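A, B, ... follow the sequence lines: proteins, then strands. Residue 1 opens every chain. Since the model is a prediction, treat every value here as computed from it, not as a measurement.
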2 protein chains.
Amino acid sequence: MEVSRARIAGVNSRIKVVRTGLTASAALPGSPPDQRAASELALDRIILGDCLAELQRLPSQSVDLVFADPPYNLQLEGALTRPDHSHVDAVDDDWDKFDSFAEYDAFTRAWLAECRRVLKPDGALWVIGSYHNVFRVGAILQDLGYWILNDIVWRKANPMPNFRGRRFTNAHETLIWATPTRSKRYTFHYEALKGGNDDLQMRSDWFIPLCTGDERLKDAGGRKVHPTQKPEALLARVLLSSSNPGDVVLDPFLGSGTSAAVAKKLGRRFIGIERDPVYARAAQQRVDAAAPVDPQAFAAAPAKRSEPRVAFLSLIEAGLIAPGEMLEDERRRHKALVRADGTLQLGPAVGSIHKIGALSQGLPSCNGWTYWMIERNGQRLHIDALRGEYRQTHRAAA
Amino acid sequence: MEVSRARIAGVNSRIKVVRTGLTASAALPGSPPDQRAASELALDRIILGDCLAELQRLPSQSVDLVFADPPYNLQLEGALTRPDHSHVDAVDDDWDKFDSFAEYDAFTRAWLAECRRVLKPDGALWVIGSYHNVFRVGAILQDLGYWILNDIVWRKANPMPNFRGRRFTNAHETLIWATPTRSKRYTFHYEALKGGNDDLQMRSDWFIPLCTGDERLKDAGGRKVHPTQKPEALLARVLLSSSNPGDVVLDPFLGSGTSAAVAKKLGRRFIGIERDPVYARAAQQRVDAAAPVDPQAFAAAPAKRSEPRVAFLSLIEAGLIAPGEMLEDERRRHKALVRADGTLQLGPAVGSIHKIGALSQGLPSCNGWTYWMIERNGQRLHIDALRGEYRQTHRAAA
DNA sequence: GTCCTTTGTGAATCCTCAA
DNA sequence: GTTGAGGATTCACAAAGGA
């Protein structure tokens, strides 16, 4: 999973191609979606166009991760307001809400369904929202067959206070992490996250400051370019936890381009869709200015699960353990004989290091590598240490 | 917010009336709901019966606050064991099983609609849920015309870990606070909450321990009476923030009776509906044993103030350390690369600041915070100093 | 009685690959 | 698709037990 310098250079040069201007959807008029193979997918580009129309052009099962920050406030979205919104009195309020919700739901269902089509089977989707919209998004997502893995709470370090003092300070937003189907194949860098968190599992509540200061995009007049620019730290945690270097990250509501900028910095590929030319241009400039961090700093960490398997027999064949030696558990309660074929013998029972380990304890299963110990140079070692030794000496060959 | 002694005494004497036993619904056969005025509403009682049927008997606009802890529809499959092979006691009760989302939605819509009818116009509703159900509950609640005031995150101090390391620790549950209509007339004790929170506005993320120890109801055999008993601190914050002494609190899924017990302790009236006779009896005993308390004691209780934990990753996210930088130990014998995910790399090894620190010295453990140094402005600092800096700028991190 | 160690447990949608 | 074996995996508390 090492990312070479050549690869990074390749990413950079590709970005340079689109740096000349936005890739407007109008530039691709004659390409029907069904004829576009995944290999043709143009990457590291910002598409200026309608979210739904552009999603429909993307090939199926071509994207590793979707990050979506859809509109929260129905009233402010031109496409979602009723034409005759002008006079709504209190009596009509419920109907108005129902109409708005129905429209919002239809819109949500449409883009979530397209994202599900575009996602690879082992990909995943993240959506962020507030209480205004996240319940609808979450329910629709479940209805469409997505499988929720976690809901994550982004706890804001410095939220806007509630000026009227009529509610609790709205100090968090919610993210939903889901796979397109109920699948066990998804990316999650458990050990890396744990390593960065004082060796404790990363929890579902994340404490991250708002996007402020230099990170916040401003226009020439010093006004913020986008009203809800997300902090890069939030996106970084999303991408680092659930994607790999080189993965394709799609953002159907790119906005100020946080997801694309972080994707570039962390060695991921991106596709961003944005309808507003002002946002799209700002995002493009931001992406152009973003510099990838040292590839060593985001290269996939070796996870135990992904280490190559080693048969216990291989240790015997490599001379690290001799047939006839005895293994013991930590407390020296059980003692087993190493046989030449890589099995253990404990009394009359013969089986794998795991089976005999489980049997000796009366448990349904056991990791023999971390259960059995052997004596070497007057010290006791888990046989897992010898496995590590074996892997080290055989890594060069591979 | 002060609860007067006279008022508490009055509540007590009323409760004595129903202390003789459970008020079974069968005891009220001849009273059609429409003929029952609000003034006749029998209070401080636990109704043994079906949630929907009993809600339908209650008069309209008679309740100040609803607290509902409905089934979550967890959809668990198979068994789960801890790394030590012990069995995880899952919530596999029949009451949590639904055939489909559609069935769960119909049930949810029915009880939420009845609660809306029963609520006074200036009343409010609280629902608690997890990602399994809360999105559906929230969307249906909006569809019915409820108006959401806040979503609240209950951050668990001591959640169950994710034993297989396949997801983020599910460390929170979500509460929704809503009024039956879009109304400005609802109860919110802003100042009282602020006073109990170091004069800071109470945020939407609440840090409260699970219900354990003596508070957890046990049967004669020492087994927990109810699988999902909620902590009284959670209910206390709900009731103190959004109800007044003397208010009527309705809980359609009473379970172990936390809401009723806290209501009695805080001088509120209650109506609890519970279908399971075992739960209902336990709740009744619990309520009988509950004595009015000083609200301040509750408000002060929950958050044990220790130094908030800071992840090394947070320093990177905050820009205090950049991915790709190098850390060195005091004597410059070892040099490690800071990775974007908050882990360190030393040669082929990747791990936490502590793990890599220990590895570099050949020791079993190491405090990475005081072992690793970094250069800043020509001077060398322990990374612990940067942690201090982070804590200073982010007080709310706990 | 005090201190230290061991054990138990909580609303959980909790593995992965080869044959 | 299914089956079977390999082997990876836990945090904060509280209560009980032992020295």
Side-chain angles (χ1 to χ4, degrees), chain A residues 122 142 146-151 177-179 182-186 188 190-191 194 197-204 303-312 342 351-355 357-358 363-372 383-384 387, chain B residues 69-93 95-98 101 128-134 154 156-174 207 209-216 218 222-224 226-231 253 255 304 306 309:
Chain A
D122 54 356
Q142 288 180 310
Y146 283 94
W147 190 248
I148 298 178
L149 297 173
N150 277 116
D151 61 333
W177 177 36
T179 50
R182 183 174 189 168
S183 158
K184 287 173 175 161
R185 297 184 55 231
Y186 55 91
F188 182 54
Y190 173 76
E191 289 187 317
K194 188 175 171 179
N197 189 41
D198 261 29
D199 286 325
L200 294 173
Q201 290 191 341
M202 187 68 81
R203 295 169 44 120
S204 57
K304 247 185 190 171
R305 281 192 173 88
S306 58
E307 291 276 323
R309 291 209 167 171
V310 175
F312 184 63
S352 70
I353 53 172
H354 313 296
K355 281 274 159 54
L363 290 175
S365 68
C366 164
N367 183 345
W369 293 110
T370 53
Y371 177 70
W372 294 110
I383 57 174
D384 197 31
R387 179 170 63 161
Chain B
D69 183 8
Y72 287 7
N73 189 22
L74 287 186
Q75 308 177 62
L76 302 179
E77 283 184 356
L80 180 65
T81 55
R82 297 185 169 81
D84 65 2
H85 305 285
S86 65
H87 171 73
V88 175
D89 187 15
V91 178
D92 52 3
D93 307 71
W95 51 253
D96 195 48
K97 290 192 167 65
F98 294 81
F101 280 137
I128 183 167
S130 67
Y131 67 83
H132 309 85
N133 71 323
V134 80
W154 168 29
K156 301 179 183 183
N158 44 351
M160 190 190 296
N162 185 290
F163 296 117
R164 310 306 289 264
R166 295 296 294 148
R167 304 182 180 192
F168 297 94
T169 308
N170 197 357
H172 73 275
E173 293 186 22
T174 303
F207 186 75
L210 294 178
C211 175
T212 58
D214 289 341
E215 189 185 317
R216 188 92 196 204
K218 306 271 170 52
R223 290 174 297 262
K224 61 190 175 194
H226 193 280
T228 71
Q229 183 178 344
K230 296 293 177 289
F253 307 96
K304 201 170 65 175
S306 61
R309 197 188 295 280

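- A:H354 and A:S352 form no side-chain donor-acceptor contact under 3.5 Å, judged by distance and modelled atom types alone.
- C:dT13 takes the syn form, because its glycosidic angle lies no more than 90° either side of 0.
- For B:S130, no side-chain nitrogen or oxygen approaches OP1 or OP2 of C:dT13 to under 4.0 Å.
- Atom CG in A:L200 sits about 10 Å away from atom C1' in D:dT10, given to the nearest Å.
- The phosphate of D:dG6 (OP1 or OP2) has no side-chain N or O of A:H354 nearer than 4.0 angstrom.
- If you check the side chains of B:H87 and B:T81, you find no donor sitting under 3.5 Å from an acceptor.
- Across the protein-nucleic acid pair, B:H226 atom NE2 and C:dT9 atom P stand 18 Å apart, rounded to whole Å.
- C:dG10 sits 15 Å from C:dC14 when the C1' atoms are compared, rounded to a whole Å.
- Using a cutoff of 4.0 Å between basic side-chain nitrogens and carboxylate oxygens, B:K156 and B:E173 are scored as salt-bridged.
- Using atom C1' as the reference point in both D:dA15 and C:dA11, the two lie 23 Å apart (nearest Å).
- Heavy atoms of A:R387 sit under 4.0 angstrom from primed sugar atoms or phosphate atoms, though from no base atom.
- Not a single donor-acceptor contact under 3.5 angstrom links the side-chain atoms of B:R82 to the base of D:dT9.
- Here, D:dT10 and C:dT7 have their C1' atoms 14 Å apart, quoted to the whole Å.
- Within the 4.0 angstrom heavy-atom criterion, only backbone atoms of the sugar-phosphate kind lie near A:V310; the bases stay farther away.
- Taking atom P on both C:dC17 and D:dT9, the two are 14 Å apart, rounded to the nearest angstrom.
- Take the nearest nucleotide of DNA chain C for B:Y131 and for B:P159: the residue whose nucleotide is more 5' is B:P159.
- Surrounding CZ of B:R166 are more than 12 heavy atoms belonging to other residues, nucleotides or ligands, all under 6.0 Å away.
- In this model, the phosphate group of D:dC13 is not approached by any side-chain N or O of B:R216 to a distance below 4.0 Å at OP1 or OP2.
- Mapping A:C366 and B:N162 onto DNA chain D via the closest heavy atom, the residue that lands nearer the 5' end is A:C366.
- Here B:K218 lies out of heavy-atom contact (under 4.0 Å) with every strand.
- By the neighbour-count criterion of 12 heavy atoms within 6.0 Å, atom NZ of A:K184 is sparsely surrounded, having that number or fewer from other residues, nucleotides or ligands.
- Minimum atom distance to the side chain of B:V91 is reached by C:dA11, of the listed C:dT13, C:dA11, D:dT10.
- Nucleotides C:dA12 and D:dA8 place their P atoms 26 Å apart, quoted to the nearest Å.
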